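Below is one structure, written out as structure tokens; the observations come after it.
This structure is a prediction, so every number in the text was calculated from the model and none was measured.
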Amino acid sequence: MGTRELGLPERVPSTGELPERVTIWEVGPRDGLQNEKAIVPVEVKLEFLDRLAGAGLTTLEATSFVHPKWVPQLADAEQLLARLDRREGVRYPVLVPNEKGLNRALDAGVEHIAIFASATETFARKNLNSSLDEQFAMFEPVVTRAREAGLDVRGYLSMCFGDPWEGVVPAKQVADAGRRLLDMGCSQLSLGDTIGVATAGQVETLIGLFGDVGTLAVHFHDTYGQALANTLAALRCGVSTVDSSAGGLGGCPYAESATGNLATEDLVWMLEGLGVATGVDLDALVAASTWMAGQLGRPSPSRVVAALG
């Protein structure tokens with residue numbers, strides 16, 4: 001008899017303070033696939049999105065309007081969005097790097113965008129060709145125009161806990177950068193552990209520097225196997241939006257030490273065991289990730305997919 005047939009994981013609500021419900025911001029179709037060297041056909045991406053929506057995920061980051069030269073995998077953004085069969089109640093945000101990307105997003109009729117900033121000087125220069133301070137001048141017209149057009153804007157902040165060139169990143173430096181994005185008009189700020197070096201203590205310290213945790217989300221990579229522990233620490237601090245990638249797909253093309261994202265299946269398994277609602281059908285999610293892993297020609301790195309797929 002299989003694990004699920006045995007009624008596992010057992011629902012044992014935590015004795016600590018946890019949100020009753022967690023919103024999963026699924027980044028697999030964008031962040032999960034952007035680092036794939038072999039181009040994934042648009043038909044496969046569309047089916048992946050549909051399978052994920054069918055599993056109950058309601059926020060699917062569909063693609064990115066980064067220049068195709070830098071991320072060839074997502075050069076089909078317009079084609080994908082034009083052919084996307086949007087499900088009622090599901091959001092399909094896209095990533096935009098600058099005003100040119102915003103123009104493309106507006107032409108495609110998107111309703112939700114995300115921008116990505118850096119918490120460190122070195123990564124800002126390597127990833128954005130800008131200084132830590134100058135990047136905000138680049139983002140301000142993007143956010144302003146997007147909000148004026150009625151779009152919701154999310155802000156990603158990378159290298160929040162450690163930087164491969166600078167080492168430990170001071171929490172106050174991260175909080176200051178994050179507040180600038182929120183003050184600019186971002187409705188949500190996603191704190192990213194880009195190279196997966198964060199610890200639960202760092203997570204608690206950083207989140208404690210923000211007054212309104214309702215505007216925060218967390219985005220952990222699992223380089224050192226700490227993503228779930230860090231997520232639980234964030235939930236205990238009141239955060240209720242968590243980024244994850246179906247099947248644990250992903251990395252960062254601009255930081256070689258960044259490995260896969262927190263797997264959505266692993267996250268849902270933990271939340272089910274804690275009695276925290278997600279609205280996600282774990283078995284359908286595992287099936288979607290197993291299917292995608294087959295399309296990519298390799299097994300999924302997710303522990304839950306490996307056990308149930």
How far apart are the closest heavy atoms of [X] and [Y], and which atoms are they?
X    : Y    : answer
L228 : L262 : CD2-CD1, 3.8 Å
A227 : H221 : CB-O, 3.9 Å
L128 : F116 : CD2-CE1, 3.5 Å
F139 : L181 : CD1-CD2, 4.4 Å
D85  : Y92  : O-OH, 4.0 Å
A62  : L81  : CB-CD2, 4.3 Å

Exercise. Run the side-chain contact (heavy atoms from CB on, under 4.5 Å) check on S190 and R154 step by step: do they pass?
Worked result: CA-CA 8 Å; S190 177; R154 175 189 234 215; 3.7 Å; yes
Please check this pair: side chain of [X] against backbone of [Y], looking for a donor-acceptor N/O pair closer than 3.5 Å.
X    : Y    : answer
Q73  : A38  : yes
Q135 : S130 : no
E36  : Q34  : no
N230 : A198 : yes
Q295 : M292 : no

Problem set entry | Audit row: W70, H67, side-chain contact (heavy atoms from CB on, under 4.5 Å) steps and yes/no | CA-CA 6 Å; W70 303 115; H67 195 288; 3.7 Å; yes
[X] and [Y] ion-paired at < 4.0 Å:
X    : Y    : answer
D50  : R86  : no
R179 : D176 : yes
R145 : E99  : yes
E17  : R236 : no
R147 : D152 : no
E43  : R83  : yes

Would you give the length of the straight line joining atom [atom1] of [X] to atom [atom2] of [Y], rounded to the nearest 0.5 angstrom?
X    : Y    : atom1 : atom2 : result
R91  : E111 : CZ    : CD    : 10.0 Å
L267 : T278 : CG    : OG1   : 8.0 Å
L182 : S187 : CG    : OG    : 8.5 Å
R51  : T290 : CZ    : OG1   : 9.5 Å
L49  : L84  : CG    : CG    : 6.0 Å
L308 : S289 : CG    : OG    : 11.0 Å

Problem set entry | cation_pi(R104, F65) dist<6.0 Å, angle<=45 |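 Judged by the rule (NZ or CZ under 6.0 Å from the ring centre, within 45° of its axis), R104 is not positioned above F65.
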Problem set entry | Pi-cation contact, W269 with R303 (under 6.0 Å, within 45°) |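 Verdict for W269: no cation-pi partner in R303.
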Exercise. Is L74 linked to I39 within one hydrophobic cluster, defined over Ile, Leu, Val, Met, Phe, Trp and Tyr using a side-chain heavy-atom separation of less than 4.5 Å?
Worked result: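 Per the 4.5 Å side-chain linkage, L74 and I39 are not co-clustered.
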For this session: Report the C-alpha distance between I24 and T59 in whole Å, list the side-chain angles of each, state the deciding distance to 0.1 Å, and finish with yes or no for side-chain contact (heavy atoms from CB on, under 4.5 Å).
Result: CA-CA 7 Å; I24 296 176; T59 302; over 6 Å; no
For this session: Applying salt bridge (Lys or Arg N to Asp or Glu O under 4.0 Å), run through K126 and D163 and close with a yes or a no.
Result: CA-CA 12 Å; K126 289 181 176 290; D163 179 293; over 6 Å; no
Hydrogens and angles aside, do [X] and [Y] bring a side-chain donor and acceptor to less than 3.5 Å of each other?
X    : Y    : value
N261 : D31  : yes
E26  : T264 : yes
E166 : T122 : yes

Problem set entry | Parallel, tilted or perpendicular, as decided by the 30° and 60° cut-offs, for the rings of Y156 and H219 |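 Perpendicular: the ring planes of H219 and Y156 meet at over 60°.
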Problem set entry | side-chain hydrogen bond (donor to acceptor under 3.5 Å, both in side chains) partners of S302, counting only residues at least two apart |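 Scan of S302 (side-chain hydrogen bond (donor to acceptor under 3.5 Å, both in side chains), adjacent residues dropped) gives D266.
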Exercise. Run the side-chain contact (heavy atoms from CB on, under 4.5 Å) check on V143 and I115 step by step: do they pass?
Worked result: CA-CA 8 Å; V143 176; I115 60 173; 3.7 Å; yes
